[in-house]
Asks: 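Pasting a structure here, questions to come.
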Amino acid sequence: MKRLAILLLMALPLAAQSLDQRITAILPGLLDTYRTLHANPELSTQEAKTSALVGQRLRELGYDVTTPFGKYPDPALTCYGVVAILKNGNGPTLLVRTDLDALPVTEQTGLPYASTNAGVMHACGHDVHMTTLLGAAKLIADLKSQWHGTVMLIGQPAEEVVKGAQGMLAGGLYERFGKPDFAIALHDWAGLESGRVGYRPAQFMAATDSVNLTIRGVGGHGAAPQSTKDPVVLAAQTILALQTIASREHSPLDPVVVTVGRLEGGTKRNIIPDDVRLYLTIRTFKPEVRQRVLDSVQRIPKGLALAAGVPDDRAPVYEHLDAESVAATYNDPALTDRFQKAIGRELGADKVVLIDPAMVSEDFGLFGMSGQIPTALLALGAADPAKLASNTQPGLHSSKFAPYVPETVLRTGIRAVVAGVLDLLGARH
Ligand SMILES: [Zn+2]
Ligand SMILES: [Zn+2]
């Protein structure tokens, strides 16, 4: 039956084929690629084989491919970016991005094509994004009569450590290949059932700030606290006081997260140490709120140290880790609306839904150069509806995460991307 359907499909005049029919013809090959990528994950900044595979496949489809591309501040690291260009006459340039990297997670999905790289897993679904991009790239190349302009496909490394977009921009992405008129991407979503696409205009994902605080005191004997300034007690007060930033200093309608995820200090129960280190992650949406929260994270520990009588030269030390921080992902409302409507026409409007913003972070927004280029990142549903209903769906980054029916997720993603490309670069506009 299946073979008959494929034969019938092949008999259709090419131009009359729907995107769905075209995907049916290439899906078996894409699933092979997906399983290969899933079984061979590579960590952030180490995507040598993954970028080579993606680059090679795009080259075979007729794209002009450059890889590895990009530059990290650390000269010892290779930035394994992929840039694939397909020019098709005059018209706008559209950037479409996939990420390439995997996570330090030991896979527990039990899938026959589970990771063969111990302790590393595509637990964020970047293998889905790559395969979607490869499928879309094939259709975009086949449908050249339906669009004009330039398609710039990007394979971005090191998304999980928010280094890769910056690395590609620092390597001269726009100077060398031209500045796009708009940029789009999909990220799979464990909060949305497979077969659907979610969108959120304006604030979509939070900014991340990584901060280290060193709470300094004056150490001494655990039995003689009166002759010390105890940084452990001060660190405990600081952690609790930091919780008042979100709960007391900001509107409950404007989400802020301040988490102390790691706490380090002391050597022995009867020794009061000289200092204690706190490791924070901070999530905000608006640039002005981001700055205010960071100001509070500096002010509160200083005030508490003063109250505890810590000498000035032992005041807390605040360190902001620029390389582990990233601005919020802002979806240009007009572009987001146009993209989601194009997807709605392709999939059916009921398959495209408005979703909530998320406190996780992304570096895709950096391709927008602080609002110079409109960007839109949409969510590709990957959840099992039954597990979603029973609240047992494993989330992204979980060792048990797997897209529910990969065929469905890939088909939906490819249709969405191609619908976006044909709309944004279509003859109608
Ligand atoms: Zn991730
Ligand atoms: Zn991801």
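Small disclaimer: the values here were computed from a predicted structure and weren't measured. Counting convention: from 1, in listed order, for ligands and their atoms alike.
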Asks: Please name all residues satisfying side-chain hydrogen bond (donor to acceptor under 3.5 Å, both in side chains) with Glu160, sequence neighbours left out, ordered by chain then number.
Replies: His126, His397
Asks: Could you please tell me which protein N, O or S atoms lie under 2.8 Å from the Zn ion (ligand 1)?
Replies: Cys124 SG, Glu160 OE1, Glu160 OE2, His397 NE2
Asks: Is the backbone of Asn90 close enough, under 3.5 Å, to the side chain of His148 for a donor and an acceptor to pair up by distance?
Replies: yes
Asks: Please determine, by modelled atom types, if Glu42 and Tyr80 share a side-chain donor-acceptor pair under 3.5 angstrom.
Replies: no
Asks: Are Phe285 and Tyr330 close enough that their ring centres sit under 6.0 Å apart?
Replies: no
Asks: Are Arg277 and Asp275 close enough for a salt bridge, meaning some N to O gap below 4.0 Å?
Replies: no
Asks: May I ask you to say whether Asp274 pairs ionically with Arg216, meaning some side-chain N is under 4.0 Å from a carboxylate O?
Replies: no
